[in-house]
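Working notes for the structure below.
Chain naming here is simple, since letters A, B, ... match the order of the sequence lines and numbering starts at 1 in each.
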2 protein chains.
Amino acid sequence: MTPPLTGARLSVSLAEIAAFIALVEHGGFTVAARELHLSQPGFSGRISRLERALGVRLVDRGVRRLTLTAEGRAFLPRARQIIESYAAGASVANG
Amino acid sequence: MTPPLTGARLSVSLAEIAAFIALVEHGGFTVAARELHLSQPGFSGRISRLERALGVRLVDRGVRRLTLTAEGRAFLPRARQIIESYAAGASVANG
DNA sequence: TGCGATTACGTATCGCGTAAATATC
DNA sequence: GATATTTACGCGATACGTAATCGCA
């Protein structure tokens, strides 16, 4: 019925998951934030909230080139699935 | 990159999507609310916010037996996919 | 009339922006 | 020393619970 969700919270919003994808695709907080029309601290907050909800670090900070943790790499395809499913559901819902 | 998302908002939380699934599985607001340890108005709010974010009605109110709208039926399998993907991603993330 | 869902409303929490601080190279 | 991210902090918005109301059979 309801899957295990080992320690993870459901308080996550799709905006936070989309932010993580954007972060990876743009290769940095600054660019991704600009792309999402968000301030840098606001964007950083979204990533932090996602990590806190998952109880795990997704990205390695302080490196010139952005790198994901092992958990981040593992989570990325799932994140894409989530957004894809939602987009499909939304388009089916309102035409 | 970022899918179309026709009019739908990303402000949706997974808790709201899970609420929709619980509503269907338990067949009513009252039971589903109790099952999620939420007050009835709180639960009703979650469903309303999801509908507002999608810009579409998911359930037919005022009917003795709970019935979904066509959009609700279409959205349901996507909702399940979303929660499934998140559960998979979360378990992969923190073991 | 009775049960189920919504509305009203107060409160606590959250989310984001501006400004300041910190860290890495 | 410059660029990139986090922290501090304040304000506006959101989410939930309690209480009251509405609606349908």
[N] [atom2] sits how many Å from [X] [atom1], rounded?
X	N	atom1	atom2	answer
A/F43	D/dA4	CZ	P	14 Å
A/R65	D/dT3	CZ	P	19 Å
A/L38	C/dT18	CG	P	11 Å
B/L36	D/dC16	CG	C1'	13 Å
A/L50	C/dG15	CG	P	12 Å

Q.
With a 4.0 Å limit, can you tell me whether A/R49 has a side-chain N or O closer than that to the phosphate oxygens OP1/OP2 of C/dC16?
A. yes

Q. Any side-chain N or O of B/R46 under 4.0 Å from OP1/OP2 of D/dA15?
A.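 Indeed not, no polar side-chain atom of B/R46 lies that close.
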
Q: Under the salt bridge (charged side-chain N to carboxylate O under 4.0 Å, His left out) rule, collect the residues that match up with B/R9, sequence neighbours excluded.
A: none

Q: Output all residues satisfying salt bridge (charged side-chain N to carboxylate O under 4.0 Å, His left out) with B/R61, sequence neighbours left out; order by chain, then residue number.
A: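 B/R61 satisfies salt bridge (charged side-chain N to carboxylate O under 4.0 Å, His left out) with B/E51 only.
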
Q. Hey, quick one: are A/L38 and A/L66 part of the same hydrophobic cluster, counting side-chain heavy atoms closer than 4.5 Å, chains of contacts allowed?
A.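 Cluster IDs for A/L38 and A/L66 match.
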
Q: Sequence neighbours left out, what passes side chain to side chain donor-acceptor pair (under 3.5 Å) with B/S85? Give chain and number order.
A: A/Q81

Q.
For A/L58 and A/L68: C-alpha separation, side-chain torsions, deciding distance, then whether side-chain contact (heavy atoms from CB on, under 4.5 Å) applies.
A. CA-CA 6 Å; A/L58 294 175; A/L68 295 181; 5.6 Å; no

Q.
So, using ring pair (Phe, Tyr, Trp, His ring centres under 6.0 Å) as the criterion, who are the partners of B/F43 when residues are at least two apart?
A. B/F29

Review item, nucleotides 4-7 of chain C N/O atoms under 3.5 Å of protein N/O:
residue, atom, partner, partner atom, Å
C/dA5, OP1, B/F29, N, 2.8
C/dA5, OP2, B/T30, N, 2.8
C/dA5, OP2, B/T30, OG1, 2.5
C/dA5, N7, B/Q40, OE1, 2.6
C/dT6, OP1, B/R61, NE, 2.4
C/dT6, OP1, B/R61, NH2, 3.1
C/dT6, OP2, B/S44, OG, 2.2

Q: Evaluate the ring planes of B/Y86 and A/F75, with Trp represented by its six-membered ring, and classify them as parallel (under 30°), tilted (30 to 60°) or perpendicular (over 60°).
A: perpendicular

**Q.** End-to-end axis angle, where each axis spans five pairs of the helix from C/dT1-D/dA25 to C/dC25-D/dG1, to 10°
**A.** 40°

(Q) Let's go through B/T30 and B/R34 carefully: what are the C-alpha distance in whole Å and the side-chain angles of both, what is the deciding distance for side-chain contact (heavy atoms from CB on, under 4.5 Å) to 0.1 Å, and is it a yes or a no? (A) CA-CA 6 Å; B/T30 307; B/R34 189 164 48 234; 4.2 Å; yes

